[in-house]
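Heads up, the thing below is written out as structure tokens.
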Number of protein chains: 2
Amino acid sequence: MKQGEQTRSNIIKSANKLFYQQGFHKTAFSDIVQEVGLSKGNITYHFKSKEDILTAVFKQRIENTKNTLAAWDQKYPDASARLHCFIDSLVAGKSELTRYGCPNATLATELGKSDALTRELSLGIFDLIRNWLSRQFLDLGYTPEQAENLAMELFISGQGICVLSQVYSDENMFEHEVIKLKKMIKQN
Amino acid sequence: MKQGEQTRSNIIKSANKLFYQQGFHKTAFSDIVQEVGLSKGNITYHFKSKEDILTAVFKQRIENTKNTLAAWDQKYPDASARLHCFIDSLVAGKSELTRYGCPNATLATELGKSDALTRELSLGIFDLIRNWLSRQFLDLGYTPEQAENLAMELFISGQGICVLSQVYSDENMFEHEVIKLKKMIKQN
DNA sequence: ACTATATTAGTACATTCGTACTATTATTGA
DNA sequence: TCAATAATAGTACGAATGTACTAATATAGT
């Protein structure tokens, strides 16, 4: 029982990595098999299809996102500090973001073009972040409408910079953009 | 000779549509065959591989982008009016952009994860737009550095809104965002 | 210790993929 | 008009795809 859960977790982890770095459609089932390092039969035992693995990956991402945001909430009593966490996390991940784009956005755009279930799961992650951002600006004293607008503005810029830094293979774009983003927080 | 060029053009057009709406990897060769409505053999006669079609699609996009920008340049003597053209084109295409994302960005992010040649072609399109935007702000009297920053800011916002409107399936986001973008132009 | 079940491995298979190939028909240029 | 070539159709094929299936092994509870 316990060993199976570990394997399951490993599969999700490997698939998550490959879906991020290569995209879902370009990642073959055998790629996952190779990455995990176990037999094909073993993996089909835990997940009966490639799509099943995908939804598991999504659910794990949602869980991770929840945990990260909750951790920031708990660690910092100041909403401004929490927002800085968010922005700093972009800079911290700039190398990967520049190479492969935003993991949530790239999967969402690839799959949003067709699938319905995965679109809903994607939306789940984005809502987590958007609502969290909105709450921070509320804490800063903005009106609900202002807070939502600011959250969206921040989110949009974050996504935009991910796209352009990837296209230009220039991770320095993040530092440039982050200065503007941090200014948004200051004007309380 | 002439009929062949027409067919070639049709193939590119169909492939362009499918690559946009489904992505490159999800689009099978037979999908293109079906979309064009001609035989498989005919298409392999004009393009020896799927990747060949892709590069042809890119080159056509570059050509189209060049033409569009040049047309705006010729039509409007005022840089402000030209920038409004750019922004209005986002609103005009909001339905498709919301459904499938920015055609250039979605292909770029999908292929930028692996391929090298296509990354270069993607970058070509983005450079066309970025440089054009930069030139407009220069015309408005900004310094080269300011112009570049404003161009990037505008570009980033445009890409960000494409990503989020797609995820949320909400094309109304464009109107919201466009107001902010147009303010960028006014402050001359 | 023993049986039921969880887990892993290995293989097999139908399907689809992209491309190559040949044959047939249109079109062109001299 | 008539060869040469462009263009189209149709088929074939090896490789890779995702999944199903069976056999073997490990692990658990009793």
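Order of the sequence lines sets the chain letters (A, B, ...), proteins ahead of strands, with each chain counted from 1.
Applying the ring-ring contact (aromatic ring centres under 6.0 Å, His included) definition to pairs two or more places apart or across chains, none involves residues 42-63 of chain B. Within the structure, ring-ring contact (aromatic ring centres under 6.0 Å, His included) pairs that include any residue of residues 66-102 of chain B comprise Y20(B)-Y100(B), W72(B)-W132(B) (at least two apart or interchain). For residues 135-147 of chain A, every residue pair satisfying the salt bridge (Lys or Arg N to Asp or Glu O under 4.0 Å) rule, not counting sequence neighbours, is listed here: R82(A)-D139(A). For residues 116-126 of chain A, no pair satisfies salt bridge (Lys or Arg N to Asp or Glu O under 4.0 Å), with sequence neighbours left out. Sorted by first and then second residue, the pairs that involve residues 26-55 of chain A and meet salt bridge (Lys or Arg N to Asp or Glu O under 4.0 Å), not counting sequence neighbours, are K17(A)-E35(A), K48(A)-D52(A).
If you take CD of Q6(A) and C1' of dA26(D), they are 16 Å apart, rounded to a whole angstrom. Taking atom CD on E5(B) and atom P on dA26(C), their separation rounds to 21 Å, with Å as the unit. Separating the CZ atom of F29(A) from the P atom of dA9(C) is a distance of 13 Å, rounded to the nearest angstrom.
Scored by the ring-ring contact (aromatic ring centres under 6.0 Å, His included) test, F126(A) finds F155(A) as partners (sequence neighbours excluded). Considering only residues two or more places apart in sequence or on other chains, D127(B) meets the salt bridge (Lys or Arg N to Asp or Glu O under 4.0 Å) condition with R130(B).
Counting heavy atoms from C-beta on, the side chains of Q136(B) and D73(B) come closer than 4.5 Å.
Two residues, D31(A) and G37(B), neighbour DNA chain D, and the one matched to the more 5' nucleotide by heavy-atom proximity is G37(B). The nearest heavy atom of DNA chain D to G41(A) and to A28(A) marks one nucleotide each, and the one closer to the 5' end goes with A28(A).
Nearest nucleotide to the K40(A) side chain, out of dA20(C), dG18(D), dT8(D): dG18(D). In this structure, of dT17(D), dC17(C), dA9(D), it is dT17(D) that holds the atom nearest to the side chain of S30(A). Of the candidate nucleotides dG18(C), dA9(C), dA9(D), dA9(D) has the atom nearest to the side chain of L38(B).
Inspection of the N10(A) and Q6(A) side chains reveals an N or O donor paired with an N or O acceptor under 3.5 Å.
Side-chain nitrogen and oxygen atoms of N42(A) include none within less than 4.0 Å of the OP1 or OP2 phosphate oxygen of dT7(C). The side chain of T7(B) contributes an N or O atom lying less than 4.0 Å from OP1 or OP2 of dT8(D).
Counting any heavy atom pair closer than 4.0 Å across all strands shown, I43(A) reaches no nucleic acid atom.
Of all the residues in residues 8-27 of chain B, not one reaches under 4.0 Å from DNA chain D with any non-hydrogen atom. In the region residues 44-54 of chain A, proximity to DNA chain C at under 4.0 angstrom, judged on heavy atoms, holds for Y45(A), H46(A).
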